[in-house]
Amino acid sequence: METSNAKMKMFPKVLVLPEFSNGILTSAAQLLLNFANENATSIDMLAINCDLPSALSIGVSKVYVLASSAPANIRAASTGVAMLVSALSGRYDAILVARSSPYHVALCKASAVLNKVVITNVFEIAPSGDFLRTTPSGLLIQQVRYLAGPPCLLSVNVNATKCKPFQPLPQAKSLQIVHFDAISLARFNVLSCFRRKSAAYQGCLPLAEASFVVAGGASFKSARLFERYLIPLARRFKGAVGASRSAVEAGFAPPTCQIGQTGAIISPKLYFAFGISGAIQHMAGVSGSNLIFAVNCDAKAPIIKRSDVSLIANMFEALTKLNAS
Amino acid sequence: MKSFHLVANFLKQEVNTSLKFLTTAKVITNLNGESTRLVDPIDDANAFTFIDWSSAVPSFTVSVASISSPEDRGALKKFTTLGAAEVIQLSPSRQLDCLSKAKVLKRLVLSRSFSLVALGAQSSDVGSAQLGPILAGLLNWPCVTDVTAIVHIAKANILVQRSVGNTLVNVCVPLPCVLSCDLSRNEFRSPPMLSLPSSEVKPITIEPFDETNLALSSQIKVIKEIPVSNIRLGLTLSPLDSTLEAFSRWFGNFKR
């Protein structure tokens, strides 16, 4: 029996679509399972691009494993995934995906089939049953009420969630294998892939996992200066390197480093910004930081007002001294 | 000689290909604290990219559609100046959710036989990029998200580049299709002087918004908006040496 102060679970039964990378749950998928665990009594899972033992070891009630002759490109075969989700939706009270995963697109397509709206960027469910979600500016939280019937389609902003870790069951209670022809379901052809080199960033943590993030803007003027000043600092303090959109567009940093409304939304313990003006689109990505420290030579830059501690100084001078200290 | 004929045939096909593109424009309040209304910079860049294509291949026509209030008409005027064939404004009498907006756009796309719809990467519903996939789902068209460049447009397909994490992917999509684009938006664009007089006589089309044909009941309701109580300290420090020394000391303790 649950204690009186335990949180009331909103959904009796949910279907979760977690993302796997080489058969292992991604960090976003783990956070999604935590969110599902906090808000649902029974969790079922649709496992795509995951082998059977790995899918069973996660410890949810029921696992649907997609059997495909080739790994499925979720982005190309999103219509097929949407059809599958639509077919399963009648058995569930809610379907959960991570906002940052490719399943977000599949859920949106399923919403067109089911004639149900997707509630996006949800990070918490209020005791009243309303959903709390983040807005692009990061300055407001919207409390949203869902007016239609089940299933409720939720796209979760997993980086903003604060849930207890998921307690896995010893073994999945049931398993169903679904045959899925990933190749014939693809709606467009991938002609070529090109992975951009980022060898210089080895030794730095991914943005989502770091408690210390050091970021730079377009004022670094070149990728060489960006790597020379920021990477040693990130490596030394076991953190990650971030960049503003303008720095990424100028080619100074890889797109995986982009922070802001169209990049990563992070919540580190310390965010260190060098030469970043602090446009509201960028600040939306860092508003969850515990402490923002900004170094800028322009005292009128918006980031000076939006940071905890700011230093009006030449950033190269400051970085040289920090790296030497 | 054979290759010359191939190229000539290809160019002939390109010139004769008549394609109608639709890009959408979301009108937002200037985020930097001013009260002016402007088109979302991502939608701006999308429209301009396709207008560039249409100026290179005259048989391509670009229309810009916006679901916005009548007061926002001024913000849309620039698209007629820049060379859009038509600017269509749909003004619903009440707030619509994303699914309803997609239904409205579907009706527009089918009635005017557009072969490509390009939406902004953040449209719509708190910047969640769901309008494109929903519209594609309603039309049963392929949908490509995270598009960062339009490489080539041909009669039956379009070649686009998308950026997924650290990987650039070239994708060939059959037309008709829906693209969710985030094309480079830092480029400054200004309308050509010669097009100013002609744009003055080109009105913005107001599409009649007959809600009776569509079941447009919003499935979500915003109960309240809570300001984030993230009050920053706002300390400005100087000089450099003592600040950094103190910071290094403090950060050493912080990591421990």
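A, B, ... follow the sequence lines: proteins, then strands. Residue 1 opens every chain.
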Given a strict heavy-atom distance threshold of 4.5 Å, which part of A:V105 is in contact with chain B: side chain, backbone, both, or neither?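 Answer is both: backbone and side chain atoms of A:V105 are under 4.5 Å from chain B.
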
Side chain from CB out, backbone as N, CA, C, O: work out which of these in A:A148 comes under 4.5 Å of a heavy atom of chain B, or both, or neither.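 Both parts, backbone and side chain.
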
Given the options [options], which has more heavy-atom pairs under 4.5 Å with chain A than any of the others?
options                        : value
B:C177, B:G137, B:P133, B:A102 : B:P133
B:E225, B:Q219, B:K221         : B:Q219
B:V173, B:I134, B:D97          : B:I134

Using modelled atom types and a 3.5 Å cut-off, is there a donor and acceptor pairing between side-chain atoms of [X] and backbone atoms of [Y]?
X      : Y      : answer
B:T23  : B:A118 : no
A:N121 : A:N157 : no
B:S111 : B:L108 : yes

Is it the backbone or the side chain of [X] that comes under 4.5 Å from a heavy atom of chain A, or both, or neither?
X      : value
B:L159 : side chain
B:N140 : both
B:C143 : both

Please report whether the ring centroid of A:F293 lies less than 6.0 Å from that of A:Y271.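 No; A:F293 has its ring centre 6.0 Å or more from that of A:Y271.
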
For the pair B:H152 and B:W53, name the ring-plane relationship: parallel under 30°, tilted 30 to 60°, perpendicular over 60°.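 Rings of B:H152 and B:W53: perpendicular, over 60°.
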
Does either side chain, that of A:S244 or that of A:H282, offer a donor lying less than 3.5 Å from an acceptor on the other one?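 Result is no, nothing qualifies.
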
